[in-house]
Amino acid sequence: MKYLLPACALLLLAVTVSVAQPQTGPDAMVKNLYHAQNAGSGPFFQSKSSVLVERYFMKDLADLIWKDYLNAKGDIGALDFDPLYGSQDPQISDFKILESREADSAKVQAGNKVLVEVTFKDAGKKRRIAFDFEKDQDGAWKIFDIRYPDKSSLRDVFAR
């Protein structure tokens with residue numbers, strides 16, 4: 001009994017800390033990214049901080065997104081559409097985030113690449129967007145690329 005109270009307190013602290021920690025897995029990141037973008041506080045089309053972009057994207061892709069917006073100086077840059085929907089004027093319904101799965105590739109080292117897909121209707125048309133995640137040098141999951149139904153990707157946008 002003497003050790004029961006401290007053990008319970010320690011267990012409660014551990015549960016509280018784990019609940020309070022932000023979710024950083026690929027599924028949670030996609031959910032948070034859409035939530036932030038829909039609330040007007042997403043990483044795209046903002047000049048507040050490159051750190052906001054780097055929170056979600058691999059460093060090289062984050063740099064491309066950040067520089068594109070800054071270089072556009074208020075005009076339209078390479079990103080002339082909403083990159084989360086692959087559309088200029090999204091009219092979204094039936095939005096779902098599918099459960100993440102390991103990316104399919106013989107070259108992938110187990111556990112280093114994950115795919116998260118979202119499905120929705122845009123103006124009544126079914127769409128599927130794929131988020132390719134990789135672990136960065138610190139072991140954190142980051143978006144390596146976003147792939148669109150027309151077989152293009154976010155990285156392709158900056159390669160034009």
Side-chain angles (χ1 to χ4, degrees), residues 15 18-105 107-108 110-136 139-160:
V15 168
S18 69
V19 170
Q21 293 294 324
Q23 296 178 337
T24 58
D27 298 319
M29 285 186 70
V30 169
K31 179 181 177 184
N32 294 339
L33 179 59
Y34 275 95
H35 179 73
Q37 192 72 4
N38 291 337
S41 59
F44 300 104
F45 314 114
Q46 58 87 25
S47 59
K48 294 175 194 164
S49 172
S50 63
V51 173
L52 183 58
V53 185
E54 293 169 6
R55 179 180 304 158
Y56 298 99
F57 295 92
M58 295 295 280
K59 177 76 170 123
D60 65 323
L61 183 55
D63 288 346
L64 292 171
I65 294 167
W66 178 248
K67 289 175 185 172
D68 178 64
Y69 187 74
L70 292 181
N71 291 338
K73 297 180 180 164
D75 285 337
I76 297 173
L79 274 179
D80 60 353
F81 63 97
D82 186 322
L84 297 184
Y85 297 105
S87 175
Q88 287 185 342
D89 297 309
Q91 299 171 18
I92 306 304
S93 63
D94 300 334
F95 182 85
K96 292 180 185 143
I97 299 174
L98 305 179
E99 191 172 322
S100 62
R101 60 183 169 84
E102 196 167 321
D104 301 325
S105 173
K107 298 178 193 173
V108 175
N112 286 336
K113 291 191 181 191
V114 169
L115 177 72
V116 177
E117 294 178 299
V118 298
T119 61
F120 53 88
K121 288 182 182 175
D122 185 359
K125 183 179 176 184
K126 289 182 180 182
R127 309 259 320 195
R128 182 180 293 252
I129 306 286
F131 292 81
D132 295 323
F133 278 84
E134 291 186 5
K135 287 188 177 178
D136 68 8
W141 287 109
K142 301 288 177 121
I143 299 169
F144 175 79
D145 205 357
I146 302 175
R147 292 182 286 124
Y148 303 106
D150 67 357
K151 307 296 183 208
S152 67
S153 76
L154 185 57
R155 285 181 180 273
D156 293 341
V157 169
F158 297 111
R160 296 180 195 157

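- Side-chain contact check for Lys142 versus Glu134: every heavy-atom pair is 4.5 Å or farther apart.
- No side-chain heavy atom of Arg55 sits under 4.5 Å from any side-chain heavy atom of Met29.
- Side-chain atoms of Asp68 do not come within 3.5 Å of backbone N or O of Gly77 as any donor-acceptor pair.
- The heavy-atom pair separating Val116 from Ser100 by the smallest distance is CG2-CB, 3.5 Å.
- A pairwise comparison of heavy atoms in Ser153 and Asp145 identifies OG-OD2, 2.9 Å as the closest pair.
- Remark: aromatic rings of Phe131 and Tyr56 are distant, center separation not under 6.0 Å.
- A cation-pi geometry, defined here as NZ or CZ lying under 6.0 Å from the six-membered ring centre and within 45° of its normal, does not hold between Arg127 and Tyr148.
- At least one side-chain heavy atom of Gln88 sits under 4.5 Å from a side-chain heavy atom of Asp80.
- A distance of 6.0 Å separates CG of Leu115 from CG of Asp132, quoted to the nearest 0.5 Å.
- Closest heavy-atom contact between Asp63 and Glu54: OD1-OE2, 4.0 Å.
- The closest side-chain heavy-atom distance from Leu154 to Ile65 is below 4.5 Å.
- Rounded to the nearest 0.5 Å, atoms CZ (Arg128) and CZ (Arg147) are 11.0 Å apart.
- If you take CD1 on Ile92 and OG on Ser87, they are separated by 6.5 Å, rounding to the nearest 0.5 Å.
- The closest side-chain heavy-atom distance from Phe45 to Gln37 is below 4.5 Å.
- For the pair Asn112 and Trp141, the tightest heavy-atom approach, listed with the atom from each and the gap, is O-CZ3, 3.6 Å.
- With a 4.5 Å cut-off on side-chain heavy atoms, Asp136 and Lys59 do not count as touching.
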Determine, stepwise, if the pair Lys126 / Asp94 fulfils side chain to side chain contact (heavy atoms under 4.5 Å, CB included).
-> CA-CA 9 Å; Lys126 289 182 180 182; Asp94 300 334; over 6 Å; no
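- Using a 4.5 Å heavy-atom threshold, the side chains of Pro43 and Leu52 count as touching.
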Could you give me the CA-CA distance, side-chain angles and deciding distance for Ile143 and Phe133, then say whether side chain to side chain contact (heavy atoms under 4.5 Å, CB included) is met?
-> CA-CA 4 Å; Ile143 299 169; Phe133 278 84; 3.5 Å; yes
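- Summarising the geometry, atom OG1 belonging to Thr119 is positioned 5.0 Å from atom CG belonging to Leu98; distances are rounded to the nearest 0.5 Å.
- Atom CG of Leu84 is separated from atom CZ of Phe95 by 8.0 Å, given to the nearest 0.5 angstrom.
- Of the charged side-chain nitrogens involved, none lies within less than 4.0 Å of a carboxylate oxygen, so that Asp156 and Lys151 do not count as a salt-bridged pair.
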Start with the C-alpha gap between Leu61 and Arg155, add the side-chain angles, then the distance that decides, and say whether side chain to side chain contact (heavy atoms under 4.5 Å, CB included) holds.
-> CA-CA 7 Å; Leu61 183 55; Arg155 285 181 180 273; 3.8 Å; yes
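- When side chains are defined from C-beta on, Val53 does not count as touching Lys67, because their heavy atoms never get closer than 4.5 Å.
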Working for side chain to side chain contact (heavy atoms under 4.5 Å, CB included), residues Leu79 and Tyr69 = CA-CA 8 Å; Leu79 274 179; Tyr69 187 74; over 6 Å; no
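- The heavy-atom pair separating Val157 from Ala78 by the smallest distance is CG1-O, 3.3 Å.
- With Phe57 as the fixed residue, the ring-ring contact (aromatic ring centres under 6.0 Å, His included) test singles out one of Phe144, Phe44, Phe158, Trp66: Phe44.
- The minimum heavy-atom distance between Pro149 and Ile129, with the atom names listed, is CD-CD1, 3.9 Å.
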